[in-house]
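We count ligands from 1, going down the list as the structure has it; atoms in each ligand are counted the same way. If you read the sequence from its start, that first residue is 1, and numbering goes on from there.
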Amino acid sequence: MAKLEIRDLHVNVTPKDSDAEPIVILKGVDLTVESGQTHAIMGPNGSGKSTLSYAIAGHPKYQVTQGTITLDGEDVLAMTVDERARAGLFLAMQYPVEVPGVSMSNFLRTAATAVRGEAPKLRHWVKEVKESLSELEIDPSFVERSVNEGFSGGEKKRHEILQLGMLKPKIAILDETDSGLDVDALRVVSQGVNSYRERENGGVLLITHYTRILRYIKPEFVHVFVNGRVVESGGPELADELEENGYVKFTSAAAGA
Ligand code: ADP
Ligand code: MG
Ligand code: MG
C-alpha cells in the first residue's frame, strides 16, 4: 500500500523576467491518494491543475512556499526529481518533451533501470516491451524512434502509457491524458491506465478539464479545483454534475469568497 499526502500546499511561479514578483498559484491544496484509488481533479483552464502536477514531480520552476507532500510518510519535497521517480511517483505531462537522438527503447530501459535500481535483463526486457506494445496497439518500430520527436498527439499519449505500464509506479499522475486524442486512441490509452490500476493496484491522480475520459477511466473520488484549491470533493456524481452544469457554480463561489 502506498499513500501520497498533500497538505496545505502553496506554490509560486516566478515569471521569466527576473524583476517580476512571484505569482501565487496554489493556495492550500489538501489531497490524499492511496494505492488502488483513482481520483479525478477537474477544473477550469488556468486554475492551477498542471502546477499541482509539476510541484509533485519537482519541476524547478515551481516553488513550494508552504505545506507538505509525503509518500508513505517520506518527505517528497526533499527529494530530487529522480528520487521521486524511484520512490514510485510518475508524471505523464500535458506537453511531453522531445528528446532528439535518444530512442524510445533506450529511454525506456534507462528509466526502468533508474526506477528499479538495476538494469532489467535484456531478454526479459525485450519480451516486456513487446507485450506492452501489443497491448497498447503500438507498432514495434515505434520504439526505435527518438523520444516524442515528430510524434502525433495520440502517439505521445500512448508513449506515456507505455512508460506507465513498464515503470509500474506506486502513484501515477496523469495530466490531461485525454487532450488531443481521438476516440480510438482514448480507448487504448484508457485500457492501459485501467490495466495498470488492476495489475499494480496503482493509485491514479487523473487531472482533466473535460469529463469525457471519465467514461473510460472511472474515478471513485472527484475533486473540483478552482483558483489554486480543491473547493469540493465527492464521488462520481460530482463529475456528472460538472458535465451538466460546468464550473460556473464553483468559480462564482470562489470569486465571492
Ligand atoms: P491549468 O493546468 O489548470 O490550466 P496551470 O497550472 O497551467 O493551470 O496554470 C495556472 C496559472 O498559473 C495560469 O494563470 C498560468 O498562466 C500560470 N502559470 C503556470 N505556469 C506558469 C509559468 N511557468 N510562468 C508564468 N505563469 C504560469
Ligand atoms: Mg491549461
Ligand atoms: Mg493544465
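- In terms of polar-atom proximity, defined here as any N/O pair under 3.5 Å, Gly46 does make such a contact with ligand 1.
- In the vicinity of Ser50, heavy-atom distances shorter than 4.0 Å reach the ligand 1 atoms 1 (P), 2 (O), 6 (O), 7 (O).
- Note on ligand 1: Gly43 sits outside its first shell, no heavy atom being nearer than 4.0 Å.
- Taking the side chain as every heavy atom from C-beta outward, Leu186 and Val189 never approach each other to under 4.5 Å.
- Any N or O atom pair closer than 3.5 Å counts here, and Ile23 shares no such pair with ligand 1.
- Between Phe221 and His39, the ring planes are parallel. Angles under 30° get that label, and only those over 60° would be called perpendicular.
- The side chain to side chain contact (heavy atoms under 4.5 Å, CB included) with Ile171 is formed by just one residue from the set Ile56, Val204, Val33, Asp72; it is Val33.
- By the 4.5 Å heavy-atom criterion applied to side chains, Tyr62 and Leu26 are not counted as neighbours.
- By the 4.5 Å heavy-atom criterion applied to side chains, Asp30 and Val230 are not counted as neighbours.
- To the nearest 0.5 Å, the span separating OH on Tyr196 from CD1 on Ile161 amounts to 10.5 Å.
- In the vicinity of Tyr62, heavy-atom distances shorter than 4.0 Å reach the ligand 1 atoms 20 (N), 23 (N).
- With a heavy-atom cut-off of 4.0 Å, Lys61 touches ligand 1 through its side chain alone.
- The residue among Ile25, Thr14, Asn12 with a heavy atom at the shortest distance from atom 19 (C) of ligand 1 is Ile25.
- At least one heavy atom of Ser47 sits closer than 4.0 Å to an atom of ligand 1.
- Heavy-atom distances between Pro44 and ligand 1 reach below 4.0 Å in at least one pair.
- Remark: ligand 1 atoms within the under-4.0 Å shell around heavy atoms of Val13 are 21 (C), 22 (C), 23 (N), 24 (N), 25 (C).
- Remark: side-chain polar atoms of Gln37 are not paired, donor with acceptor, to backbone N or O of Gly203 under 3.5 angstrom.
- Atoms CZ and CZ, from Phe107 and Arg145 in turn, are 15.0 Å apart once rounded to the nearest 0.5 Å.
- Residue contact annotation: Tyr54 has no non-hydrogen atom under 4.0 Å from ligand 1.
- Using a 4.5 Å heavy-atom threshold, the side chains of Lys121 and Arg123 count as separate.
- Distances below 4.0 Å separate heavy atoms of Asn45 from the following atoms of ligand 1: 4 (O).
- At a cut-off of 2.8 Å, Thr51 does not coordinate the Mg ion (ligand 3) through any N, O or S atom.
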